[in-house]
There are 2 protein chains.
Amino acid sequence: MPGSLGTARYNRFVELLVDSRKKGGFTQEQVATTLRKPQSFVAKYERGERRLDVVEFVDICRAISINPANILKKL
Amino acid sequence: MPGSLGTARYNRFVELLVDSRKKGGFTQEQVATTLRKPQSFVAKYERGERRLDVVEFVDICRAISINPANILKKL
DNA sequence: ATTGGAATATCCCAAAATGGGATAATCCGA
DNA sequence: TCGGATTATCCCATTTTGGGATATTCCAAT
């Protein structure tokens, strides 16, 4: 397992991301389109199967209209 | 190249991390020790040869006593 | 309870990235 | 210029990734 994948903290991170997307009323497909990536990409990182680097994280936060800092605070 | 590695934005991200470390007066060795990783690990991500996931980023920010949000703002 | 379309998860595997100890190269103050 | 401190590079077996296609799960309407 690379980096933080699989750790409780990483899982929590992903959970926060998923919850944020849902609260914003976005589907994986919509986020994927904004990111110019396939839906399977979103499914993968939301399931913790693939790590997100910091730049990708910022882009995703923008795609779902949330402030990245609000998630970092909880890690 | 995976994720955002190699992009101008990622390079800037790493540059901000390096500058922050130096301003704080930390060596790669010190950061590595705090992270319980080898110095080559720090050298690698600072050179943009390895991606940092979000949890790792937060840990590094703590190791060099900076606020993660201050870096995210600039991406 | 059934149905059907939307949403999400899983497959596959070639291609690409990672880990980290050892060693080389560079930096820099005296 | 020298020498210790700091950072970069090597190597390569092992692990991860990309993404189209397909399967599965969800859920609202009837």
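Sequence lines set the chain letters: A, B, ... in the order given, protein chains first and strands last, and positions in each chain run from 1. Note that the coordinates shown come from a computational prediction; the quantities given were computed from them, not determined experimentally.
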Open item on the list: Would the distance check show the side chain of B/Gln30 and the main-chain N or O of B/Thr27 forming a donor-acceptor pair, the cut-off being under 3.5 Å?
Closed with: yes
Open item on the list: Need one value for A/Glu49: base, sugar-phosphate or nothing, where a base atom within 4.0 Å counts as base even if backbone is also close, heavy atoms only.
Closed with: sugar-phosphate
Task: Sugar-phosphate only, base, or nothing, as touched by B/Ser40 at under 4.0 Å among non-hydrogen atoms - done: base
Task: N/O (side chain, B/Arg51) to phosphate O (OP1/OP2, D/dT16) under 4.0 Å - done: no
Task: Backbone N/O of B/Tyr45 and side chain of B/Arg50: donor-acceptor pair under 3.5 Å - done: no
Task: Distance test, side-chain N/O of B/Arg50 to OP1/OP2 of C/dA17, below 4.0 Å - done: no
Open item on the list: Taking A/Cys61's backbone N and O only, do any of them form a donor-acceptor pair with A/Ser65's side chain (distance below 3.5 Å, no angle check)?
Closed with: no
TODO: Choose from C/dG20, C/dA7, D/dT9 the nucleotide whose nearest atom is closest to any side-chain atom of B/Lys37.
DONE: C/dG20
Task: Distance, rounded to the nearest Å, where B/Gln28 contributes CD and D/dG4 contributes P - done: 21 Å
Open item on the list: What I want to check is whether an N or O donor and acceptor connect the side chain of B/Lys44 with the base of C/dG19 at under 3.5 Å.
Closed with: yes
Open item on the list: Are A/Phe57 and A/Phe13, when compared by the centres of their aromatic rings, separated by less than 6.0 Å?
Closed with: yes
TODO: Give a yes/no on whether any side-chain N or O of A/Arg21 is located under 4.0 angstrom from OP1 or OP2 of C/dT8.
DONE: yes
Open item on the list: Given C/dG20, D/dA8, C/dA7, identify the nucleotide with an atom nearest to the side chain of B/Pro38.
Closed with: C/dG20
Task: Minimum-distance nucleotide (side-chain atoms of A/Leu5 versus D/dT17, D/dT7, C/dG21) - done: D/dT17
Open item on the list: Check this for me: does the side-chain of A/Gln39 come within 3.5 Å of the base of C/dA9 through a donor and an acceptor?
Closed with: yes
TODO: Calculate the interatomic distance between B/Arg47 atom CZ and D/dC10 atom P; express it in whole Å.
DONE: 10 Å
